[in-house]
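Here is the structure we will look at.
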Amino acid sequence: VPAGAAVIPDLDPGEAAAIALAESLGEETFLLLDDRRGRREAANRGIAATGTLGVLDAGSEAGLIDLEAAVSDLLQTNFYAPERLIQQLL
């Protein structure tokens, strides 16, 4: 955890530390956070962030991956996303 990092209510200490580190690194920083509250807090602080599904979507848009196959593989792990979000993405 960066020195002087504040505790951010409702966030896991790791997410809070990632946000604090991103703030210390400056505006070019981009965070990968799967927790919606963490992404919202990052946005409130002016830090660009996305989750795993956002990365997969960008990869698909760029023609780098098969989104349906990647999401199918991801859902075979302990990753969780609401079904409605998965359906919107596909």
Side-chain angles (χ1 to χ4, degrees):
V1 176
V7 172
I8 302 172
D10 299 324
L11 286 187
D12 171 282
E15 291 159 342
I19 290 170
L21 178 60
E23 285 182 311
S24 73
L25 294 174
E27 64 186 49
E28 301 271 331
T29 304
F30 191 86
L31 281 177
L32 175 60
L33 295 168
D34 281 323
D35 183 82
R36 181 176 21 167
R37 290 172 298 193
R39 289 192 308 273
R40 188 177 310 131
E41 183 65 32
N44 288 342
R45 293 168 181 251
I47 302 166
T50 192
T52 299
L53 294 177
V55 171
L56 293 179
D57 189 38
S60 174
E61 290 291 321
L64 300 172
I65 63 167
D66 176 330
L67 182 60
E68 192 170 326
V71 169
S72 177
D73 288 347
L74 183 62
L75 293 176
Q76 300 304 309
T77 71
N78 65 347
F79 180 83
Y80 170 78
E83 181 64 27
R84 66 176 168 67
L85 182 60
I86 299 294
Q87 293 307 314
Q88 287 174 341
L89 183 64
L90 299 176

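Counting from 1, the numbers follow the sequence of the chain as shown.
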* CD/Glu83 to CD/Gln88 distance, rounded to the nearest 0.5 angstrom? ->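 If we round to the nearest 0.5 Å, Glu83:CD and Gln88:CD are 10.5 Å apart.
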
Are [Y] and [X] connected in a single hydrophobic cluster, I mean Ile/Leu/Val/Met/Phe/Trp/Tyr linked by side-chain heavy atoms less than 4.5 Å apart?
X: Leu53; Y: Leu75; answer: yes
X: Leu56; Y: Leu90; answer: yes
X: Ile65; Y: Ile86; answer: yes
X: Phe79; Y: Leu89; answer: yes
X: Leu21; Y: Phe30; answer: no

* Asked: Is there a donor-acceptor pair closer than 3.5 Å between any side-chain N or O of Ser72 and the backbone N or O of Ala69?
  ->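 Absent.
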
* May I ask you to test the Ile19-Leu11 pair for a side-chain heavy-atom distance under 4.5 Å? =>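 Of all side-chain heavy-atom pairs linking Leu11 with Ile19, at least one is under 4.5 Å.
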
* Evaluate whether atom CG of Asp10 has more than 12 neighbouring non-hydrogen atoms of other residues, nucleotides or ligands under 6.0 angstrom away. =>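 No, CG of Asp10 has 12 or fewer neighbouring heavy atoms, counting only those of other groups under 6.0 Å.
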
* Heavy-atom closest pair, residues Thr29 and Leu25 ->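 Looking at all heavy atoms of both residues, the shortest contact is OG1-CB, 3.2 Å.
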
Review item, side-chain donor-acceptor pairs of residues 31-39, under 3.5 Å, at least two apart:
unit_1 : atom_1 : unit_2 : atom_2 : d
Asp34  : OD1    : Thr52  : N      : 2.7
Asp34  : OD1    : Thr52  : OG1    : 2.9
Asp34  : OD2    : Thr52  : OG1    : 2.8
Asp35  : OD1    : Arg37  : NH2    : 3.3
Asp35  : OD2    : Arg37  : N      : 3.0
Asp35  : OD2    : Gly38  : N      : 2.9
Arg39  : NH1    : Leu33  : O      : 3.0
Arg39  : NH1    : Asp34  : O      : 2.8

